[in-house]
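So you know, we letter chains A, B, ... as the sequences are listed, proteins then strands, and number each from 1. Please read these numbers as outputs of a predicted model, since none were measured by experiment.
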Amino acid sequence: MNEDDVVAKPLRHPWRWISGVLVVGVLALFIYSLWSSPSVDHGIIVQYLFNPQILNGAVLTVVITVVSMLIATILAVILAVMKLSPNPLLKLVASAFIGFFRGTPLLLQIVFWGYLGIIYPTLTLGIPFTNIVFIHGQTSALVPSLAAGIIALALNEAAYSAEIVRAGILSVDGGQMEAASSLGMRGGYTLRRIILPQAMRVIIPPMGNEFISMLKNTALLEVVAVLELYTQATMISAQNLAQVELLVVAGFWYLVMTTVLSIPQRQLEKKYGRGFNVATARNRMFGFGKKKVSA
Amino acid sequence: MSQLMVDARSVRKSFGSNEVLKGISLSVEQGQVLVLLGPSGSGKSTFLRCINHLETINGGRIYVDGDLMGYRQAGDVLHEMKPAAIAAQRRHIGMVFQRFNLFPHLTAIENVIEAPIGVNKENAKDAKKRGMALLERVGLGDKFDHYPSQLSGGQQQRVAIARALAMEPKLMLFDEPTSALDPELVGEVLGVMRDLAKDGMTMIVVTHEMGFAREVADTVVFMDQGLVVEAGSPAEVLDNPQHERTKAFINSVL
């Protein structure tokens with residue numbers, strides 16, 4: 001230890017403590033007011049919290065979210081590349097798709113896919129003007145309400161995510177493309193190995209948002225009678241008339257799911273942040289944390 | 001006379017109504033080093049980028065090792081090449097950029113072996129062995145697992161040179177390779193380039209480093225406003241320039 005080492009008392013932050021106490025106090029009062037309300041029956045909340053019907057609904061909600069999000073992400077990359085392509089037809093088709101699915105309410109799209117059987121009673125997949133038929137059947141059998149719901153959520157989400165992916169691709173320095181070209185790499189390879197891995201840094205945070213929106217939007221599938229969490233909760237409350245209690249139960253599980261499903265985002269950000277000094281840049285901006293190089 | 005590696009014949013290039021190259025003809029023999037000098041905006045970087053068809057050209061022809069770049073000639077008709085064919089032509093031409101353009105999400109060795117494995121389908125073990133040897137050759141064997149952000153500018157540029165060499169090019173293009181470097185880092189990059197020239201690599205170098213031009217170049221070409229003003233040995237062009245514009249430029253740089 002040297003004589004001129006800086007040994008200083010750290011700066012005090014009294015307002016952090018005062019505001020912290022205030023926040024906790026307000027929160028406690030709010031929870032108490034809810035809990036003490038005579039119109040909320042705590043017994044029913046506890047009784048239905050781990051009800052198998054509710055739990056099944058929660059599992060289906062996760063499945064719908066993950067499947068829809070996977071389909072949406074793949075479509076989004078395709079749409080983003082189409083929109084950035086020099087081919088005017090591809091550009092137009094992608095813009096029209098995005099415009100249509102962003103321009104109409106999600107609820108309307110869900111009902112449309114749910115009612116597909118009324119518009120087209122039977123579906124046939126084959127080669128036009130020939131007798132070759134691959135699939136033929138009742139629409140309601142080929143596209144059950146679950147599939148209709150997933151299609152609706154995925155197509156809508158693809159339109160939003162496409163713009164996120166496009167922004168990510170545009171964020172990558174143009175010199176990367178040139179360097180890849182000069183090494184003899186072709187377009188698709190460059191996109192897959194050079195551009196997208198770098199774009200992911202920009203894509204992941206807003207996609208985390210989209211993932212959580214998607215999880216909550218699954219509740220809209222109630223209108224086409226998909227037995228996800230919200231549908232299950234409303235079905236139970238239609239019988240026992242404990243609407244508020246079952247909303248609390250459903251809300252609890254939505255909160256648990258969004259919290260748990262946010263965890264992988266941090267892992268993904270770490271994975272695609274490799275080579276970029278994200279930690280250093282962020283820490284400098286806010287002036288805290290150790291400087292370190294992420295690797 | 002040995003074989004021509006690069007043969008450019010009255011190359012013209014316009015960006016909109018702005019004609020940047022107004023008919024550039026020059027050639028480089030195999031194993032020779034050509035240094036392109038000229039004020040900024042003279043078109044030297046654009047010309048370099050035309051050689052590997054990063055820029056399309058509006059007139060003239062460019063042949064690299066006998067192959068017409070970017071087009072296929074059938075009789076009197078020129079056909080644009082497909083992207084795959086252009087990519088195949090570029091594999092034999094290495095390029096080093098002013099801003100390095102290393103892939104930031106890959107380590108030094110991953111940068112070097114990406115194209116040999118992904119494009120040439122070389123097996124990973126051989127590619128890695130060759131890649132390590134190349135990193136040793138540019139003096140960075142111990143930095144193989146560093147990301148570009150962990151390397152200095154000079155080190156990044158040397159990795160970029162190793163990355164280009166990994167494709168075993170027959171021609172190397174250098175686009176102001178030391179212009180973005182701190183002065184004390186310029187020497188290490190020029191040293192690598194000097195060794196490369198000594199080993200017989202055919203090179204075209206756009207640079208403002210007069211010392212390098214004098215020492216390494218077989219031919220120095222001075223360009224201004226999209227035209228070749230004067231070309232010759234370093235002694236001729238640098239020490240005894242014939243044109244006023246060349247004289248003015250060399251005086252301003254020295």
- Item | Part of Pro148(B) within contact of chain A (heavy atom distance under 4.5 Å) | neither

- Message: Check this for me: Glu136(B), atom CD, are more than 12 non-hydrogen atoms of other residues, nucleotides or ligands nearer than 6.0 Å?
- Response: yes

- So which of Pro116(B), Gly94(B), Gly118(B), Pro83(B) has the biggest tally of heavy-atom pairs under 4.5 Å with chain A? Gly118(B)

- Query: Given that the side chain runs from C-beta out, which part of Arg163(B) has a heavy atom under 4.5 Å from chain A: side chain, backbone, both or neither?
  - Reply: both

- Query: Measuring from His105(B):NE2 to Ile194(A):CD1, what's the distance to the nearest 0.5 Å?
  - Reply: 4.5 Å

- Query: With sequence neighbours excluded, what pairs up with Arg194(B) under the salt bridge (charged side-chain N to carboxylate O under 4.0 Å, His left out) test?
  - Reply: Glu215(B)

- Item | Ionic contact status for Glu110(B) with Arg274(A), cut-off 4.0 Å | yes

- Among Arg90(B), Arg99(B), Arg49(B), whose salt bridge (charged side-chain N to carboxylate O under 4.0 Å, His left out) with Glu178(A) holds? Arg49(B)

- Message: Please report the interatomic distance CE(Met167(B)) to CE(Met185(A)), rounded to the nearest 0.5 Å.
- Response: 7.5 Å

- Task: Check whether Phe97(B) gets within reach of chain A through its side chain, its backbone, both or neither, counting any heavy atom under 4.5 Å.
- Result: side chain

- Item | Whether over 12 other heavy atoms sit under 6.0 Å from Lys271(A) NZ | no

- Of the backbone (N, CA, C, O) and the side chain (C-beta and beyond), which part of Leu102(B) lies under 4.5 Å from a heavy atom of chain A, both, or neither? backbone

- Quick one: what part of Leu54(B) sits under 4.5 Å from any heavy atom of chain A, side chain, backbone, both or neither? side chain

- Task: Could you grab the distance from atom CG of Asp173(A) to atom CZ of Phe103(B), nearest 0.5 Å is fine?
- Result: 11.5 Å

- Message: When you compare the side chain of Phe276(A) with that of Ser149(B), does any pair of heavy atoms fall below 4.5 Å?
- Response: no

- Message: Looking at Arg130(B), I want to see if its CZ is surrounded by more than 12 non-hydrogen atoms of other residues, nucleotides or ligands under 6.0 Å.
- Response: yes

- Query: Who in residues 55-62 of chain B is close to chain A, using a strict under-4.5 Å heavy-atom cut-off?
  - Reply: none

- By a 4.5 Å heavy-atom criterion (distance strictly below it), what part of Ala88(B) contacts chain A: side chain, backbone, both, or neither? neither

- Item | Heavy-atom pair with the smallest gap, counting every atom of Gly184(A) and Val119(B) | O-CG1, 3.7 Å

- Gln176(A) versus Pro104(B): any side-chain heavy-atom pair under 4.5 Å? yes

- Query: Under the 3.5 angstrom rule, does the side chain of Asn101(B) hit a backbone N or O of Gly175(A) as a donor-acceptor pair?
  - Reply: yes

- Where on Glu114(B) is there a heavy atom nearer than 4.5 Å to chain A: the side chain, the backbone, both, or neither? both

